[in-house]
Asker: 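Before I ask anything, here is the structure I am working with.
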Amino acid sequence: MKDKHFDINEEGVSIRCRLMTSSDNRTFERVIIITHGFGGNKEAANITRFSDKELGKHKNDALIAFDWPAHGKDGRKKLEISECLQYLSIVIKYAKDTLQAEYIYNYSVSMGGYLTLLYIHENGNPFTKVALRAPGLRMYESMLRNLSEADREKLAKGREVEVGFERKMKISQSLLDELQAKDVRTYEYIDWAENMLLIHGTKDEMVDINDSRKFSEDNIIDLVEVEGADHTFRNPKYMDQAIHAIVEFFAPEN
């Protein structure tokens, strides 16, 4: 697998990207955009593992992963929903205009799943197919869990606090208010349901699988339940089950 790191510099932002291919081609008919979860980055092992499997099956594809704002190598220090959606929009444009993709797919995890669903709700669906693993359907509640009581008091007073794992990022009360207001569970995705897939582990300790069950039922979206898998699918056997389902789902139709 060829693994190239580059920046997309557009609209006053610099997006740290990773392009994975099997060739030196400059254009690709099919491009898969991969987005990571909260606190993650484009170098995540599951992204590499998925890319290896996808390119092993479909050698002419290209895959792009990128760092969300304030994640990984990104230059931003504060997490803002509007900038996340801007990043995704710019990467989609790059896939269309620079890589000349005719078909664009989306594989997103956790917070990336939330942002993808929000983008589709606000902008329409540019993706041929979308696969969401353990999507953060309750991002407001998930973010609250990362905050101490002291942090919540600071936010209520109009101050910013830092959250995250390996890298800390700033958030404000306005971010929480926006996450609470933009609840993707209240939006309809039935028009795109045939080309969407949810994957969720039955032992997910961070995102309740029942949320995915209800969301898939409400929108008539297929849900693959991986028995025993936790939120990050740490067990390689479970991760391979999820990857296999997505690779098959993304396979070109004859």
Side-chain angles (χ1 to χ4, degrees), residues 1 3 17-18 20 32-58 61 63-68 71-72 84 88 105-120 127 129-139 141-143 145-146 163-167 184-185 189 193 195-217 219 221-251:
M1 181 179 78
D3 200 341
C17 298
R18 181 184 178 196
M20 291 148 284
I32 298 172
I33 294 173
I34 309 173
T35 82
H36 61 79
F38 176 77
N41 60 68
K42 65 183 181 301
E43 312 300 335
N46 72 84
I47 292 177
T48 302
R49 194 177 186 90
F50 173 78
S51 300
D52 278 335
K53 299 286 186 182
E54 174 66 25
L55 291 172
K57 198 79 178 282
H58 307 293
D61 289 358
L63 303 95
I64 302 177
F66 64 95
D67 290 329
W68 287 119
H71 286 71
C84 290
L88 182 53
Y105 298 76
N106 180 297
Y107 165 36
S108 291
V109 175
S110 197
M111 183 186 78
Y114 166 81
L115 291 168
T116 294
L117 288 170
L118 182 58
Y119 182 91
I120 290 172
F127 305 113
K129 289 188 176 181
V130 174
L132 307 176
R133 178 165 63 80
L137 299 173
R138 293 179 186 259
M139 275 309 300
E141 289 89 341
S142 295
M143 192 66 73
R145 283 201 299 270
N146 291 307
V163 297
F165 304 112
E166 293 181 8
R167 175 181 171 177
V184 294
R185 295 172 301 161
Y189 296 88
N195 294 311
M196 298 182 77
L197 178 70
L198 298 185
I199 299 172
H200 212 123
T202 60
K203 300 297 184 182
D204 193 324
E205 73 289 4
M206 295 181 67
V207 178
D208 192 341
I209 190 174
N210 287 315
D211 287 339
S212 282
R213 286 169 176 160
K214 187 174 189 314
F215 185 81
S216 64
E217 182 178 338
N219 290 282
I221 297 172
D222 286 343
L223 169 64
V224 174
E225 298 189 14
V226 179
E227 188 64 38
D230 61 3
H231 184 65
T232 60
F233 281 62
R234 277 174 291 189
N235 186 317
K237 179 180 71 172
Y238 299 147
M239 179 61 77
D240 284 344
Q241 282 182 244
I243 289 174
H244 176 76
I246 298 167
V247 169
E248 290 300 309
F249 182 62
F250 284 173

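All values below were derived from every heavy atom in this structure, side-chain atoms included, with hydrogens, water molecules and symmetry-related copies excluded.
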Asker: Can you establish whether the number of heavy atoms outside Glu205 located under 6.0 Å from its atom CD is more than 12?
Answerer: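 Count over threshold, so yes.
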Asker: Out of curiosity, Leu197 CG to Leu223 CG, how far, rounded to the nearest 0.5 Å?
Answerer: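 Interatomic distance, Leu197 CG to Leu223 CG, rounded to 0.5 Å: 8.0 Å.
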Asker: How about Glu54 and Tyr107: do any of their side-chain heavy atoms sit closer than 4.5 Å?
Answerer: no
Asker: What distance separates Lys53 NZ from Glu248 CD, expressed to the nearest 0.5 Å?
Answerer: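 Separation between the atoms: 12.0 Å.
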Asker: With a 4.5 Å heavy-atom cut-off, do Gln241 and Glu227 have their side chains touching?
Answerer: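 Not in contact.
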Asker: Please give me the minimum heavy-atom distance between Asn46 and Met239, naming the atom from each residue.
Answerer: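 Scanning both residues, the minimum pair turns out to be CB-CE, 3.5 Å.
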Asker: What are the two closest non-hydrogen atoms of Cys17 and Phe66, and how far apart are they?
Answerer: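 What the structure gives for the nearest pair is SG-CB, 4.0 Å.
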Asker: May I ask you to decide if Phe249's main-chain N or O and Lys129's side chain share a donor-acceptor pair within less than 3.5 Å?
Answerer: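 Checking the backbone N and O of Phe249 against the side chain of Lys129, a donor-acceptor pair under 3.5 Å is found.
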Asker: Using ring centroids (six-membered ring only for Trp), state whether Tyr189 and Phe215 fall under 6.0 Å.
Answerer: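 So the answer is yes for these two rings.
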Asker: Could you measure the distance from the CG atom of Asp230 to the CG atom of Asn235? Nearest 0.5 Å is fine.
Answerer: 8.0 Å
Asker: Would you check if Leu88 and Ile33 make a side-chain contact, meaning some heavy-atom pair closer than 4.5 Å?
Answerer: yes
Asker: How far does CZ of Arg133 sit from OG1 of Thr232, to the nearest 0.5 angstrom?
Answerer: 7.5 Å
Asker: Counting only heavy atoms from other residues, nucleotides and ligands, does the tally under 6.0 Å from CD of Glu166 exceed 12?
Answerer: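 Atom CD in Glu166 is not crowded, with 12 or fewer foreign heavy atoms closer than 6.0 Å.
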Asker: side-chain contact (heavy atoms from CB on, under 4.5 Å), that's the test. Do Ile120 and Val184 meet it? Break it down for me.
Answerer: CA-CA 10 Å; Ile120 290 172; Val184 294; over 6 Å; no
Asker: Quick check against the 3.5 Å criterion: does Thr202 have a side-chain atom that pairs as donor or acceptor with the backbone of Gly228?
Answerer: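 Judged by distance alone, yes, a pair lies under 3.5 Å.
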Asker: Any chance CZ of Arg234 has more than 12 other-residue heavy atoms, nucleotides or ligands included, within less than 6.0 Å?
Answerer: no
Asker: Does any part of the side chain of Pro236, heavy atoms only, come nearer than 4.5 Å to the side chain of Arg49, both counted from C-beta?
Answerer: yes
Asker: Check the pair Leu115 / Phe38 against side-chain contact (heavy atoms from CB on, under 4.5 Å), numbers first and verdict last.
Answerer: CA-CA 11 Å; Leu115 291 168; Phe38 176 77; over 6 Å; no
Asker: Nearest 0.5 Å, what's the CG-CG distance between Leu117 and Leu137?
Answerer: 6.5 Å
Asker: Do you know the tightest heavy-atom contact between Ile34 and Ser51?
Answerer: CD1-OG, 3.8 Å
Asker: Do Asp204 and His231 meet the criterion of a side-chain donor-acceptor pair at a distance under 3.5 Å?
Answerer: yes
Asker: Before you tell me yes or no, could you show the steps for Arg167 and Asn41 under side-chain contact (heavy atoms from CB on, under 4.5 Å), namely the whole-Å CA-CA distance, both residues' side-chain angles and the distance that decides it to 0.1 Å?
Answerer: CA-CA 10 Å; Arg167 175 181 171 177; Asn41 60 68; over 6 Å; no
Asker: List the steps, then state whether side-chain contact (heavy atoms from CB on, under 4.5 Å) holds for Asp208 with Arg138.
Answerer: CA-CA 9 Å; Asp208 192 341; Arg138 293 179 186 259; 5.8 Å; no
Asker: When you compare the side chain of Asp61 with that of Phe250, does any pair of heavy atoms fall below 4.5 Å?
Answerer: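 Answer no - side chains too far apart.
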Asker: Considering residues, nucleotides and ligands other than Asp222, do more than 12 of their heavy atoms fall under 6.0 Å from its CG?
Answerer: no
Asker: With rounding to the nearest 0.5 angstrom, report the CE to CZ distance, Met20 to Phe50.
Answerer: 9.5 Å
Asker: With a 3.5 Å distance limit and no angle check, can you tell me whether His36 reaches the backbone of Ala65 through a side-chain donor-acceptor pair?
Answerer: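 Side chain of His36 to backbone of Ala65: no pair is present.
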Asker: How close do Asn106 and Leu132 get, counting heavy atoms only, and between which atoms?
Answerer: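 What the structure gives for the nearest pair is OD1-CD2, 4.4 Å.
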Asker: Might you point out which heavy atoms bring Ala242 and Phe233 nearest each other, and give the distance in Å?
Answerer: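 Shortest heavy-atom contact: CB-CE2, 3.8 Å.
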Asker: For the backbone of Met206 and the side chain of Arg145, can you confirm whether one donor and one acceptor N or O come within less than 3.5 Å of each other?
Answerer: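 Here the side-chain-to-backbone pair exists.
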Asker: Is the closest side-chain heavy-atom distance between Pro135 and Ser108 below 4.5 Å?
Answerer: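 Pro135 vs Ser108: side chains apart.
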Asker: Do the side chains of Asp67 and Lys42 get close enough for a salt bridge, i.e. N-O under 4.0 angstrom?
Answerer: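 Salt bridge: yes.
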Asker: Grab the two heavy atoms, one from Gly37 and one from Ser110, that are nearest each other, plus how far apart they are.
Answerer: CA-CB, 4.1 Å
